[in-house]
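In listed order, ligands and their atoms are each counted from 1.
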Amino acid sequence: MNTPTPALFLSQVERRYRQGQGTLEILRGVDMAVWPGEIVALVAPSGSGKSTLLHCAGLLERPDAGEVYIGPQPTMDMDDAGRTRLRRLEIGFVYQFHHLLPEFSAMENVALPQLIRGLDRKMASTRAQELLSFLGLGERLNHRPAELSGGEQQRVAIARAVANAPRLLLADEPTGNLDPKTADHVFATLVALVRASRLGALIATHNMELAARMDRRITIKDGLVVPL
Ligand code: ADP
Ligand code: MG
């Protein structure tokens with residue numbers, strides 16, 4: 001059998017921000033991998049660099065040094081257009097706030113990334129319907145975000161993130177705004193989705209109970225990723 005390829009591999013990733021006269025060293029040579037079908041919890045105090053790490057992994061920010069592999073593909077030498085294309089095809093991102101388009105229905109919000117990729121309308125809405133039904137939103141297809149509860153909005157955001165069947169799902173405190181029971185339900189649907197699709201997931205969370213249910217827990221300590 002071939003050696004499996006990680007969904008995400010960071011090698012010696014460094015990220016610093018200029019701050020007045022000095023620099024903030026946030027990531028100091030991060031090495032880490034997320035494997036297909038694996039859910040990894042990223043648990044670290046506020047300000048320690050979780051979002052920075054996710055933005056680098058999601059090709060939203062370019063590290064100052066190191067390499068970010070999405071599947072087998074190194075990305076540091078890619079131009080912005082190439083990185084955007086790769087992000088659209090291979091990476092789904094879920095934020096703490098859903099960022100759904102308010103004028104569009106749940107189904108349209110999930111269909112949209114597929115249309116941007118070039119799928120025809122019928123295939124995109126069929127996939128959107130299937131995904132939303134899988135996430136328990138079969139009865140909410142034509143609701144707009146404002147007509148959905150917080151947990152439902154986040155589940156639509158998750159469906160949208162995986163609409164193009166990405167290799168990697170990155171989530172930045174995706175249940176941070178939800179009450180514990182709703183957070184639990186959203187997380188359970190997320191887990192079911194990852195298990196069904198074999199994508200790799202890296203999820204930043206403050207919720208230790210949820211983190212305990214993921215496959216592995218990591219943290220950021222002195223700018224490095226270490227097991228928790
Ligand atoms: P977390 O998500 O763990 O709360 P962040 O990755 O958002 O942490 O931020 C880590 C540190 O980097 C914080 O001290 C933050 O103020 C700083 N930081 C983040 N983004 C920038 C930026 N664009 N410019 C300057 N400093 C930043
Ligand atoms: Mg953050």
Side-chain angles (χ1 to χ4, degrees), residues 7-34 38-70 75-76 78-80 83-84 87 91-100 150-151 153-155 157-158 160-162 166 168-180 182-184 186-187 190-191 194 200-228:
L8 168 70
F9 179 45
L10 303 188
S11 172
Q12 291 295 306
V13 165
E14 297 175 21
R15 186 77 177 109
R16 57 188 70 90
Y17 297 115
R18 215 157 306 236
Q19 179 85 313
Q21 301 284 44
T23 30
L24 283 171
E25 304 277 346
I26 307 301
L27 307 176
R28 298 168 178 258
V30 166
D31 290 318
M32 65 164 291
V34 177
E38 180 184 48
I39 308 178
V40 180
L42 175 57
V43 186
S46 192
S48 58
K50 299 183 297 298
S51 296
T52 302
L53 179 69
L54 289 169
H55 292 162
C56 289
L59 312 183
L60 296 166
E61 277 182 47
R62 216 184 266 270
D64 296 294
E67 185 57 274
V68 176
Y69 295 86
I70 304 300
T75 59
M76 282 297 274
M78 294 176 90
D79 62 16
D80 288 344
R83 287 163 64 90
T84 299
R87 183 185 323 118
I91 305 172
F93 216 108
V94 180
Y95 299 89
Q96 186 169 359
F97 298 94
H98 59 76
H99 295 302
L100 297 170
Q153 290 166 349
Q154 264 324 52
R155 279 183 282 151
I158 291 167
R160 178 185 54 181
V162 301
L168 177 67
L169 180 66
L170 301 169
D172 199 349
E173 308 192 34
T175 61
N177 275 326
L178 305 174
D179 63 79
T182 307
D184 204 83
V186 168
F187 179 70
L190 204 159
V191 171
V194 171
L202 178 59
I203 302 174
T205 181
H206 282 298
N207 187 326
M208 280 310 292
E209 235 169 276
L210 296 186
R213 285 156 53 193
M214 301 191 206
D215 297 319
R216 197 151 64 77
R217 285 143 294 283
I218 57 176
T219 189
I220 300 173
K221 200 156 187 275
D222 302 325
L224 296 178
V225 164
V226 294
L228 183 69

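Atoms of ligand 1 lying under 4.0 Å from any heavy atom of S46, numbered from 1 in the order shown and given with element: 4 (O). Applying the 4.0 Å criterion to heavy atoms of K50 picks out, from ligand 1, the atoms 1 (P), 2 (O), 3 (O), 4 (O), 6 (O), 8 (O). Those atoms of ligand 1 with a heavy atom of S48 less than 4.0 angstrom away are 3 (O), 8 (O).
For E209, the CD atom counts as loosely surrounded, since its 6.0 Å shell holds 12 or fewer non-hydrogen atoms of other residues, nucleotides or ligands.
Although no hydrogens or angles enter the test, the distance criterion places a donor-acceptor pair under 3.5 Å between the side chain of R87 and the main chain of G58. Side-chain atoms of R160 come within 3.5 Å of backbone N or O of H98 as a donor-acceptor pair. Under the 3.5 Å distance criterion, the side-chain polar atoms of K50 are left unmatched by any main-chain donor or acceptor of L42. Using a distance-only test at 3.5 Å, with no hydrogens or angles considered, no donor-acceptor pair links the side chain of R16 to the main chain of R28. Side-chain N or O atoms of Q12 include none that pairs as donor or acceptor with a backbone N or O of V30 at under 3.5 Å.
Regarding atom 13 (C) of ligand 1, its nearest protein heavy-atom neighbour is G47 O, 3.8 Å. The protein non-hydrogen atom at the shortest distance from atom 17 (C) of ligand 1 is Y17 CD1, 3.9 Å.
Remark: distances from the non-hydrogen atoms of A44 to ligand 1 are all 4.0 Å or more. Ligand 1 has at least one atom lying under 4.0 Å from a heavy atom of P45.
For the atom pair CG (D215) and CZ (R213), the distance works out to 12.0 Å, reported to the nearest 0.5 Å.
Checked by distance only, ligand 1 and S51 come closer than 3.5 Å through their nitrogen or oxygen atoms. The shortest N/O to N/O separation between G49 and ligand 1 falls below 3.5 Å.
Distance check for atom 15 (C) of ligand 1: every protein heavy atom is found at 4.0 Å or beyond.
Ring-plane geometry between Y95 and H99 is classed as perpendicular, the angle between the planes exceeding 60 degrees on a 0 to 90 degree scale with a lower cut at 30.
Contact check for M214 versus T205: side-chain heavy atoms found under the 4.5 Å cut-off.
Of all the listed residues (T52, L54, L27), T52 holds the heavy atom that lies closest to atom 9 (O) of ligand 1. Compare T23, I26, I220 by their heavy atoms: the one nearest to atom 12 (O) of ligand 1 is in I26.
When distances to the Mg ion (ligand 2) are checked against a cut-off of 2.8 Å, S51 contributes an N, O or S atom below that limit.
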